[in-house]
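Right, one structure below, let's go through it.
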Amino acid sequence: MGLAEKRRVKEHQDETIPAVQRQIAESAGFTVPFEIDWDSFTNDPQSLEWVGTTSGMYVIADALQAVCADDMGKQALKENFKTVAVKNVLQKSDEKIEFADGVLTVHWAWGKGDDAFNFSSTRVRETVEAGL
């Protein structure tokens, strides 16, 4: 990982992730932890550009906000949600979004710019709601 990638990771750690967590906490009433495989992003520099956009981590925030649209959703999330596990994958065939045992797993090819647009809050919300 070069200096430029280290700087982008630090920016996301210091700014993007806390902003996403604040957005979720405003709706959910608690802070959702994120476990991010930063090495998977640094091996694909383009993914570091996408992950901090509205087509990146903010999709997760929007989805969880939608789950918390009512008290039933807030309560279900609070009782069953543990963490978000995020990883950048290099191939679209390795992409997955699943929610099991309180963990929202998001493995996505953010470095494939056009595919970042296919990562939707509706898909994430439906996945989480199906597991709650």
(request) Count the heavy atoms of every other residue, nucleotide or ligand shown that sit under 6.0 Å from CG of Asp101, and state whether that count exceeds 12. (result) no
(message) Main chain of Ile97, side chain of His107: is a donor-acceptor contact present, judged purely on distance under 3.5 Å?
(response) no
(request) Would you name the heavy atoms of Ala66 and Arg125 that are closest together and state the gap between them? (result) CB-CD, 3.4 Å
(message) Closer than 3.5 angstrom, by distance alone: can the side chain of Thr83 be matched with the main-chain N or O of Pro33 as a donor-acceptor pair?
(response) yes
(request) Could you tell me whether the side chain of Asn88 and the main chain of Trp110 form a donor-acceptor pair under 3.5 Å? (result) yes
(request) Indicate yes or no: does Arg8 engage Glu49 in a salt bridge with an N to O separation below 4.0 Å. (result) yes
(message) For the CZ atom of Phe99 and the NZ atom of Lys82, what is their distance to the nearest 0.5 Å?
(response) 9.0 Å
(request) State yes or no: do Val89 and Trp108 share one hydrophobic cluster built from I, L, V, M, F, W and Y residues joined by side-chain heavy-atom distances below 4.5 Å, directly or via other members? (result) no
(request) Would you kindly confirm whether Val9 and Val84 end up in one hydrophobic cluster when ILVMFWY residues are joined by side chain heavy atoms under 4.5 Å apart? (result) yes
(message) Could you measure the distance from the CH2 atom of Trp50 to the NZ atom of Lys112? Nearest 0.5 Å is fine.
(response) 13.5 Å
(message) Just verifying a value: how many Å separate Ser40 OG and Leu48 CG, rounded to the nearest 0.5 Å?
(response) 9.0 Å
(request) Assert yes or no for the condition that the ring centre distance of Phe81 to Phe30 is strictly below 6.0 Å. (result) no
(request) Keeping the roles fixed (side chain from Glu35, backbone from Ala85), state whether a donor-acceptor pair exists under 3.5 Å. (result) no
(message) Working note: Leu132 + Val128, criterion side-chain contact (heavy atoms from CB on, under 4.5 Å); need CA distance, chi angles, decisive distance, verdict.
(response) CA-CA 6 Å; Leu132 289 177; Val128 171; 3.9 Å; yes
(message) For Tyr58 and Thr53: C-alpha separation, side-chain torsions, deciding distance, then whether side-chain contact (heavy atoms from CB on, under 4.5 Å) applies.
(response) CA-CA 7 Å; Tyr58 289 95; Thr53 69; over 6 Å; no
(request) Check Thr127 against Glu98 and note the closest heavy-atom contact, atom names and distance. (result) CG2-CA, 3.6 Å
(request) Treat each ILVMFWY residue as a node, draw an edge where side-chain heavy atoms are under 4.5 Å apart, and state whether Val32 and Val59 are in one component. (result) yes
(message) Under a 3.5 Å threshold, yes or no: a donor from one side chain and an acceptor from the other, between Gln65 and Ser27?
(response) yes
(request) Keeping the roles fixed (side chain from Asn43, backbone from Asp39), state whether a donor-acceptor pair exists under 3.5 Å. (result) yes
(request) Could you tell me whether the side chain of Thr16 reaches within less than 4.5 Å of the side chain of Val51, counting heavy atoms only? (result) no
(request) Answer yes or no: is there a side-chain heavy-atom contact under 4.5 Å between Thr31 and Ile24? (result) no
(message) Could you check whether any side-chain heavy atom of Asp44 comes within less than 4.5 Å of a side-chain heavy atom of Gln46, counting everything from C-beta outward?
(response) yes
(message) Taking the basic N atoms (NZ, or NE/NH1/NH2) and the acidic carboxylate oxygens, is any pair closer than 4.0 Å for Glu26 and Arg22?
(response) no
(message) Keeping Ser47 on the side-chain end and Phe41 on the backbone end, is there a donor-acceptor pair under 3.5 Å?
(response) yes
(message) Any side-chain to backbone donor/acceptor pair from Glu79 onto Ala76? Under 3.5 Å, distance only.
(response) no
(message) Apply side-chain contact (heavy atoms from CB on, under 4.5 Å) to residues Asp37 and Val86 and explain how you reach the verdict.
(response) CA-CA 6 Å; Asp37 180 348; Val86 177; over 6 Å; no
(message) Is there a side-chain contact (heavy atoms from CB on, under 4.5 Å) between Leu104 and Val106? Walk through the geometry before answering.
(response) CA-CA 6 Å; Leu104 173 60; Val106 179; 3.9 Å; yes
(request) Please determine which of Gln21, Glu15, Gln13 meets the side chain to side chain contact (heavy atoms under 4.5 Å, CB included) test together with Ile17. (result) Gln21
